[in-house]
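Only heavy atoms go into these numbers, but all of them, side chains included; no hydrogens, no water, no symmetry mates. Letters A, B, ... are given to chains in the order of the sequence lines, protein chains preceding strands, and every chain is numbered from 1.
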Amino acid sequence: MPEMPEVEIIRRGLAGKLVDCQIIDADILLPRLIKWPGIDDFSASVVGRTIKQVNRQGKYLLFVLDNGNNLVFHLRMTGRLCWVAAGAEQDAYRRIVFALDSGDSLVYADTRTLGTVYVLPQEDLWRISGLASLGPEPLSEAFTAEYLSLVLAKKRTKIKSFLLNQKYIGGLGNIYADEALAVAGIHPLRTAETLLPDEVKRLHAAVNQVIAEGIADGGTTFRDYRNGEGKAGHHQERLLVYGRDKSPASTAAM
DNA sequence: CAATAGCCCTGGTGGC
DNA sequence: TGCCACCAGGGCTATT
């Protein structure tokens with residue numbers, strides 16, 4: 001399940017391959033993944049366009065095209081976005097294949113097909129509600145201990161649920177939320193507003209730390225995650241808690 | 001506001 | 001070996 005570090009690794013890998021590449025065709029094998037606009041408008045907005053930037057917001061990947069449109073992906077559980085060299089074998093679960101002028105391809109593959117794809121002009125990105133409501137992300141200037149303290153103080157939800165809510169912090173999922181809590185020494189079932197000032201500081205530092213380490217390790221691969229070149233990450237070797245036991249503390253439904 | 005259930009989905013797994 | 005219930009779990013919606 002790609003979280004912010006995994007998506008960032010994908011972004012970096014793809015940026016190096018795709019900037020200034022032209023998309024010459026879009027083979028849409030599973031149209032229902034495209035949530036906006038309709039399939040015809042989608043193709044028309046993308047084909048013939050050149051990719052100018054590869055950006056990331058939270059767990060969203062955004063390809064800025066030379067017509068001002070953004071090609072947006074959310075990988076959800078099992079989405080993979082890979083650059084595939086001309087003639088090389090493509091993922092068996094490919095759902096959308098973008099042919100590039102170089103002869104290579106950008107392949108969106110997704111086993112469980114829960115991912116979402118959009119094309120929208122910059123000024124219409126608000127239509128993607130999850131993107132519009134995304135909170136500050138770890139390692140950003142906006143994500144300060146003060147911010148965290150302020151928001152936590154008003155929330156009676158459990159701290160792990162809080163961390164998973166993208167409105168409050170953009171980019172954490174199960175793995176890094178568990179890890180951050182473990183590093184900070186805070187039980188996942190604690191009520192958010194009961195965290196003491198010192199715990200809030202530890203949590204803030206821990207969130208930044210685990211995200212930075214995840215990125216440094218090339219992401220975490222349990223089963224499905226691959227980077228933009230189809231390779232696994234290795235942060236799973238350094239995890240403290242996630243996937244290591246089945247006690248209520250680490251697996252309670254949040 | 002918070003918690004919960006249901007939905008979207010497919011493949012891997014474990015039980016029998 | 002084959003069948004099947006169950007689980008994975010991000011994010012959204014509807015309900016309590």
Under 3.5 Å: donor-acceptor pair, side chain of A:N208, backbone of A:L139: yes
Nucleotide of [options] approaching [X] most closely (side-chain heavy atoms):
X: A:K59; options: B:dA2, B:dC8, C:dG11; result: C:dG11
X: A:Q166; options: B:dC8, C:dG11, B:dA3; result: C:dG11
X: A:T113; options: C:dG10, B:dC9, B:dA3; result: B:dC9
X: A:T157; options: C:dG10, B:dG11, B:dA3; result: B:dA3

Presence of [X] side-chain N/O under 4.0 Å of [N] phosphate oxygens OP1/OP2:
X: A:H74; N: C:dG11; value: yes
X: A:K167; N: C:dG11; value: no
X: A:K35; N: C:dC12; value: no
X: A:T78; N: C:dA8; value: no

Rounded to whole Å, how long is the line connecting atom [atom1] of [X] with atom [atom2] of [N]?
X: A:D110; N: C:dG11; atom1: CG; atom2: C1'; result: 14 Å
X: A:F162; N: C:dG11; atom1: CZ; atom2: C1'; result: 17 Å
X: A:L75; N: C:dG11; atom1: CG; atom2: P; result: 11 Å
X: A:M4; N: C:dG11; atom1: CE; atom2: P; result: 14 Å
X: A:K154; N: B:dC1; atom1: NZ; atom2: P; result: 10 Å
X: A:N165; N: B:dA3; atom1: CG; atom2: P; result: 11 Å
X: A:L30; N: B:dC9; atom1: CG; atom2: P; result: 9 Å
X: A:L189; N: B:dT4; atom1: CG; atom2: C1'; result: 15 Å

message: One pair to check against side-chain contact (heavy atoms from CB on, under 4.5 Å): A:K17 and A:E229. What are the steps and the verdict?
response: CA-CA 9 Å; A:K17 298 283 191 185; A:E229 289 150 73; 4.2 Å; yes
Measure the [atom1]-[atom2] distance between [X] and [Y] for me, rounded to the nearest 0.5 Å.
X: A:L100; Y: A:I24; atom1: CG; atom2: CD1; value: 7.5 Å
X: A:E3; Y: A:E8; atom1: CD; atom2: CD; value: 14.0 Å
X: A:I96; Y: A:S43; atom1: CD1; atom2: OG; value: 9.0 Å
X: A:W36; Y: A:L125; atom1: CH2; atom2: CG; value: 12.0 Å
X: A:L152; Y: A:L195; atom1: CG; atom2: CG; value: 6.0 Å

Hey, does [X] reach any base, or is it just sugar-phosphate, or nothing, if we go heavy atoms under 4.0 Å?
X: A:E3; answer: nothing
X: A:R76; answer: base
X: A:R32; answer: sugar-phosphate
X: A:Y60; answer: sugar-phosphate

- prompt: Between A:H74 and A:Y118, does a ring-ring contact (aromatic ring centres under 6.0 Å, His included) hold up when you go through it step by step?
  reply: CA-CA 9 Å; A:H74 193 300; A:Y118 315 77; 8.8 Å; no
Between the protein and nucleotides 13-16 of chain C, list the N/O to N/O atom pairs that are separated by less than 3.5 angstrom.
none

message: For A:F98 and A:Y108: C-alpha separation, side-chain torsions, deciding distance, then whether ring-ring contact (aromatic ring centres under 6.0 Å, His included) applies.
response: CA-CA 8 Å; A:F98 300 91; A:Y108 180 71; 8.7 Å; no
task: Begin from the C-alpha positions of A:D20 and A:K52 and carry the test salt bridge (Lys or Arg N to Asp or Glu O under 4.0 Å) through to its verdict.
output: CA-CA 6 Å; A:D20 291 331; A:K52 301 311 287 183; 2.9 Å; yes
query: side-chain contact (heavy atoms from CB on, under 4.5 Å) between A:R49 and A:N69: does it pass, once the steps are laid out?
result: CA-CA 9 Å; A:R49 308 274 51 97; A:N69 276 325; 5.7 Å; no
field: P-based separation of B:dC9 from C:dT13 [nearest Å]
entry: 16 Å
- request: With pairs defined as Watson-Crick or G-U wobble and both distances under 3.5 angstrom, please note down DNA chain B as a dot-bracket string, | for pairing with another strand.
  value: .|||||||.|||||||
